[in-house]
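See below for the structure under consideration.
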Amino acid sequence: MHDAKASTPVDELRAAVLRAGAALGATPTSAPTLERPKQAAHGDYATNAAMLLAGALKSPPREVATRLADAIAVELGEDLERAEVAGPGFLNLFLTDGWHAKALQHVVGAGDAFGQVGADAPGRKKVNVEFVSANPTGPVHVGGSRNAAFGDALARVLTFLGHDVHREYYVNDYGSQVLKLGESVQARAQGVPVPADGYQGEYLQEVADAIPGAAADDVADVAQQAVALMVRRAMASLQAFGVTFDTWFSERSLHTSRPPAPSKVEHAFDVLAEQGRTYRHDGALWLRTTEFGDDKDRVLERSSGEHTYFASDIAYHQDKRERGFDLLVDIWGADHHGYVQRMHAAFEALGGDAGQLDLLIMQFVHLVSAEGREKMSKRAGEFVTLDELVADIGVDAARWFLLARSHDTTMDLDLDLAKSQSADNPVYYVQYAHARIASILRRSKVTPDPTILPGAELHPSERALIQALLAFGPAIQEAADKRAPHRVATYTLDLAQTFTAFYRDCLIVGDPAEAFRAALAASTQRVLATGLDLLGISAPQEMHRDDATAPDPDAAPA
RNA sequence: GCCCCCAUAGCUCAGCUGGAUAGAGCAGCGGACUUCUAAUCCGCAGGUCCCUGGUUCGAAUCCAGGUGGGGGCGCCA
């Protein structure tokens with residue numbers, strides 16, 4: 001038996017359905033659903049178990065449903081008001097007020113741990129989440145912002161569910177792009193035109209000004225100092241966005257060594273050679289990625305003796321493997337998607353288990369404004385940075401915008417809308433629900449208590465709100481399993497809407513049911529705060545609209 | 001040519017291991033403020049879930065083939 005203490009009322013309901021099915025003498029071909037129907041007429045929860053059992057029992061689904069209903073009635077006892085057979089063989093369960101009250105008591109009793117552990121929670125894993133990892137040749141832009149919000153939220157969700165999460169930023173401080181950065185900075189320092197293929201952004205003037213010897217020093221030194229400055233700047237931008245990292249991993253460090261010890265790249269080459277995955281051809285060192293499904297083999301070491309970017313990445317992942325993580329999650333920009341297959345191939349060539357590496361691709365953010373789509377290019381030097389985005393619409397709205405949609409959908413971000421109508425952003429709706437509860441609880445003089453049942457029947461809005469609270473755990477679990485933190489956003493919005501309906505229908509302060517409803521409101525507040533925190537969004541105690549002091553988007557900056 | 005992602009309301013997007021009459025926000029129209037906070041709520045309108053075929057009790061969802069859009073295919077990073 002599983003740990004009954006950790007199981008939620010919905011878990012127990014599901015278990016009752018399974019036991020009832022077993023009582024009929026059959027096991028379903030797949031796990032039966034237990035879902036909240038869209039329509040109230042279809043009960044509090046509905047299951048398709050009868051349809052799944054019909055085959056094994058060789059009986060019509062509706063007949064099976066009728067027998068299942070009797071078996072479930074035995075299992076649930078007084079918690080079940082009635083069960084109705086509907087449609088092709090659904091069984092709609094109507095639960096009593098008593099069940100709902102007990103469910104709320106479970107939520108209250110679970111406290112801050114509510115939603116953290118399910119009855120079938122997977123074991124704790126050591127997870128490495130690598131995200132952002134934008135080249136240190138320019139400020140973090142909007143694409144990096146989406147990556148940052150996503151990776152951070154995913155890390156928060158995994159941590160919430162008990163995993164040991166390590167956050168990492170891979171700094172590309174090696175190779176030709178870095179040299180190009182050095183040349184561009186030096187040109188700025190010397191007051192001569194930046195090379196045509198260099199980085200044209202104005203921000204490099206500041207970088208050049210901040211490096212004392214930028215005009216005369218060796219370009220490679222200037223480049224490293226510039227990288228250090230850009231990394232510091234990215235760190236500050238991300239921190240202001242609520243995103244921090246445990247490790248800033250230097251690509252350069254993969255190439256350095258203290259003889260006779262090999263560098264990490266050389267070590268990775270050794271690992272691959274031991275497995276017989278590499279060969280020499282045309283003076284270059286190649287990796288047989290085709291053995292793992294890649295289109296063609298890939299070069300690790302050029303005929304010139306230089307290592308490719310791919311070599312760095314392989315060494316980096318070998319290093320992660322040796323650090324003992326159970327799961328590696330890499331969050332890459334859409335421009336890297338062509339790289340996924342060969343990275344997987346390389347990972348397996350190293351001896352890694354394919355299931356231990358999860359490569360996620362963040363689709364593009366298209367910036368839309370009145371003038372149309374804006375191209376984002378660091379070289380052109382005209383793009384919206386994370387700093388600018390935060391300055392325009394704030395951390396909370398920015399994170400909501402970037403997190404509310406699935407990562408594999410190309411996304412339009414309308415800057416004009418985000419600026420001029422930020423009050424209409426759903427994030428404020430969710431925050432407002434939280435603040436409203438805080439206000440109500442400040443006014444309430446009674447101690448919230450879910451065991452003091454209202455004399456009258458529960459209002460449908462009360463029942464709906466309790467059910468919405470119970471959906472929290474599964475929503476978070478799914479966000480983690482599917483690497484889909486946007487589900488957390490969808491959930492919090494739904495919970496806020498359900499609460500607002502409850503608020504409309506049910507008076508709290510001064511009502512005979514005040515203690516019970518205050519407990520319900522307080523639980524909602526806590527779940528909203530937890531959900532918002534998983535998104536990295538604040539949960540204010542108070543919010544007031546003040547049109548007189550509302551920021552004017554057209555006003556000149558002070 | 002090959003590979004990846006996407007296609008759902010006027011717009012931006014949800015839609016959980018396939019379930020019942022496909023949803024939200026914004027935009028539009030009409031209402032509700034001496035409020036437990038109107039940053040709110042109620043109502044109306046808005047759909048060929050890109051197309052074709054397949055799988056089955058049942059497909060927006062899964063499979064195949066198309067069409068359209070975005071992106072990537074270097075001994076660059």
Side-chain angles (χ1 to χ4, degrees), chain A residues 30-33 35 37-39 41-42 46 48 51 54-55 60-61 86-90 92 135 137 172 174-178 180 251 281-286 295-296 298-304 306-310 312-313 333-341 361 363-364 366 368 401 404-414 417 421-426 428-429 431-433 435-444 471 474-475 477-479 481-482 484 486-487 489-490 493-494 497 500-501 503-504 506-511 514 517-518 521 542-547 550:
Chain A
S30 61
T33 58
E35 57 186 9
K38 291 163 197 153
Q39 295 170 66
H42 291 162
N48 66 351
M51 287 180 278
F90 289 103
N92 297 332
N135 281 342
T137 50
N172 300 117
Y174 185 81
S176 62
Q177 292 206 98
V178 173
K180 208 170 284 178
E251 179 186 0
H281 179 70
D282 287 347
L285 181 67
W286 297 72
D295 301 334
K296 51 178 280 194
R298 307 288 173 175
V299 171
L300 300 179
E301 185 183 273
R302 291 175 210 131
S303 47
S304 64
E306 292 174 323
H307 297 149
T308 61
Y309 176 78
F310 191 38
S312 294
D313 246 358
D335 54 337
H336 279 65
H337 85 254
Y339 204 72
V340 169
Q341 195 175 36
I361 295 299
Q363 293 299 327
F364 282 96
H366 287 139
V368 180
F401 259 88
R405 295 166 175 88
S406 167
H407 70 90
D408 55 12
T409 298
T410 316
M411 188 181 104
D412 279 6
L413 179 51
D414 188 327
L417 189 72
Q421 304 188 350
S422 60
D424 291 326
N425 190 304
Y428 294 108
Y429 183 96
Q431 291 181 315
Y432 186 67
R436 176 180 260 166
I437 296 170
S439 170
I440 292 168
L441 294 179
R442 280 193 297 269
R443 283 173 168 266
S444 176
Q477 190 66 55
E478 194 175 310
D481 291 346
K482 301 201 164 178
H486 75 279
R487 294 213 186 279
T490 305
L493 182 58
D494 179 70
Q497 286 172 329
T500 305
Y503 167 80
R504 177 193 68 222
C506 301
L507 188 68
I508 299 173
V509 176
D511 190 271
E514 183 167 352
R517 289 177 175 172
E542 267 185 88
M543 288 175 83
H544 295 285
R545 180 174 212 160
D546 190 346
D547 290 324

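Letters A, B, ... are given to chains in the order of the sequence lines, protein chains preceding strands, and every chain is numbered from 1.
One P atom belongs to B/C11, the other to B/G65, and the distance between them is 30 Å to the nearest Å. Across B/C62 and B/G70, the matching C1' atoms stand 25 Å from one another, rounded to whole Å. Spacing of C1' atoms, B/G10 relative to B/U55, comes out at 36 Å, to the nearest Å. Taking atom P on both B/G19 and B/A59, the two are 11 Å apart, rounded to the nearest angstrom. On the C1' atoms, B/G69 is 43 Å away from B/A32, given to the nearest whole Å. Taking atom P in both B/C49 and B/A7, the straight-line distance is 14 Å, to the nearest Å. Distance check on atom C1': B/C13 versus B/C76 gives 36 Å, rounded to whole Å. B/G53 and B/G58 are spaced 16 Å apart, taking the P atom of each and rounding to whole Å.
Stem regions for RNA chain B, each three or more consecutive Watson-Crick or G-U pairs with both distances under 3.5 Å and listed by first number, read B:1-7 with B:67-73, B:10-13 with B:23-26, B:28-32 with B:40-44, B:50-54 with B:62-66.
The listed nucleotides are B/A77, B/C13, B/U40; the one nearest the side chain of A/R436 is B/U40. Across B/C36, B/A77, B/A14, the shortest atom-to-atom separation from the side chain of A/R302 is found for B/A77. Residue A/S176 places its side chain closer to B/C76 than to any other of B/G70, B/C75, B/C76. When distances are taken from the side chain of A/P426 to each of B/C75, B/G25, B/C13, the shortest belongs to B/G25. If you check B/C36, B/C13, B/A77 against the side chain of A/D412, the one that comes closest is B/C13. Checked against B/C75, B/C36, B/C16, the side chain of A/E478 finds its nearest nucleotide in B/C16.
Judged by closest nucleotide on RNA chain B, A/D335 is the one of A/D335 and A/K296 placed further toward the 5' end. Taking the nucleotide of RNA chain B with the nearest heavy atom to each of A/L441 and A/T500, the more 5' of the two is matched to A/L441.
To the nearest angstrom, P of B/G43 lies 8 Å from CZ of A/R504. Per the geometry, CG belonging to A/D295 stands 10 Å off P belonging to B/G74, to the nearest Å. The separation between A/R443 atom CZ and B/C36 atom C1' is 6 Å, rounded to whole Å. Protein atom CZ of A/F401 is 13 Å distant from nucleotide atom C1' of B/C11, rounded to whole Å. Whole-Å rounding puts the A/Y339 OH to B/C3 C1' distance at 16 Å. To the nearest angstrom, P of B/A77 lies 13 Å from CD of A/E301. Protein atom OH of A/Y428 is 12 Å distant from nucleotide atom P of B/U40, rounded to whole Å. Between A/H336 atom NE2 and B/C5 atom C1' the separation is 16 Å, expressed in whole Å.
Considering every non-hydrogen atom in both A/Y429 and A/T500, the closest pair reads OH-OG1, 3.3 Å. When all heavy atoms of A/I361 and A/G333 are compared, the pair lying nearest together is CD1-O, 3.9 Å.
Distance alone, capped at 3.5 Å, places no donor-acceptor pair between the A/H407 side chain and the A/A484 backbone. A donor-acceptor pair under 3.5 Å is absent between the side-chain atoms of A/E478 and the main chain of A/P474, judged by distance alone.
When heavy atoms are screened at a 4.0 angstrom cut-off, A/A435 is found touching base atoms of the nucleic acid. Contact annotation for A/D511: no contact, since no heavy-atom pair falls under 4.0 Å across all strands. Using a 4.0 Å heavy-atom cutoff across all strands shown, A/S439 reaches at least one base atom of the nucleic acid. A/Q431 comes within 4.0 angstrom of no nucleic acid atom, judged by non-hydrogen atoms across all strands. Residue contacts shown for A/S312 are absent, as no nucleic acid heavy atom lies under 4.0 Å away.
For A/E542, the side chain to side chain donor-acceptor pair (under 3.5 Å) partners are A/H544, not counting sequence neighbours.
At a cut-off of 3.5 angstrom, counting only N and O atoms as typed in the model, there is no donor on one side facing an acceptor on the other between the side-chain of A/H337 and the base of B/G72. A donor-acceptor contact under 3.5 Å is formed by the side chain of A/S303 with the base of B/C75.
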Just do the side-chain hydrogen bond (donor to acceptor under 3.5 Å, both in side chains) check on A/S312 and A/E251 with the steps written out, would you? CA-CA 7 Å; A/S312 294; A/E251 179 186 0; 2.8 Å; yes

Pair A/F90-A/H42, side-chain contact (heavy atoms from CB on, under 4.5 Å): steps then yes or no: CA-CA 9 Å; A/F90 289 103; A/H42 291 162; over 6 Å; no

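In this structure, CG on A/L300 lies 14.0 Å from CD on A/E306, to the nearest 0.5 angstrom. Note: A/D412 CG to A/R405 CZ = 8.5 Å, rounded to the nearest 0.5 Å. Going from atom CZ of A/R517 over to atom CG of A/L507 covers 7.5 Å, rounded to the nearest 0.5 Å. The OH atom of A/Y339 sits 4.5 Å away from the CG atom of A/D313 when rounded to the nearest 0.5 Å. Rounded to the nearest 0.5 Å, atoms CH2 (A/W286) and CZ (A/R298) are 9.0 Å apart. How far CG of A/L413 is from NE2 of A/H366: 11.5 Å, rounded to the nearest 0.5 Å.
Between A/T409 and B/A14 there is a side-chain N or O to OP1 or OP2 distance below 4.0 Å. The side chain of A/R298 contributes no N or O atom lying less than 4.0 Å from OP1 or OP2 of B/C73. Note on A/R487: a side-chain N or O is less than 4.0 Å away from OP1 or OP2 of B/G15. Distances shorter than 4.0 Å separate some side-chain N or O of A/Y429 from OP1 or OP2 on B/C41.
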Where along nucleotides 18-24 of chain B does protein come under 4.0 Å, by heavy atom, of base (B) or sugar-phosphate alone (S), with - for untouched nucleotides? -BBB--S

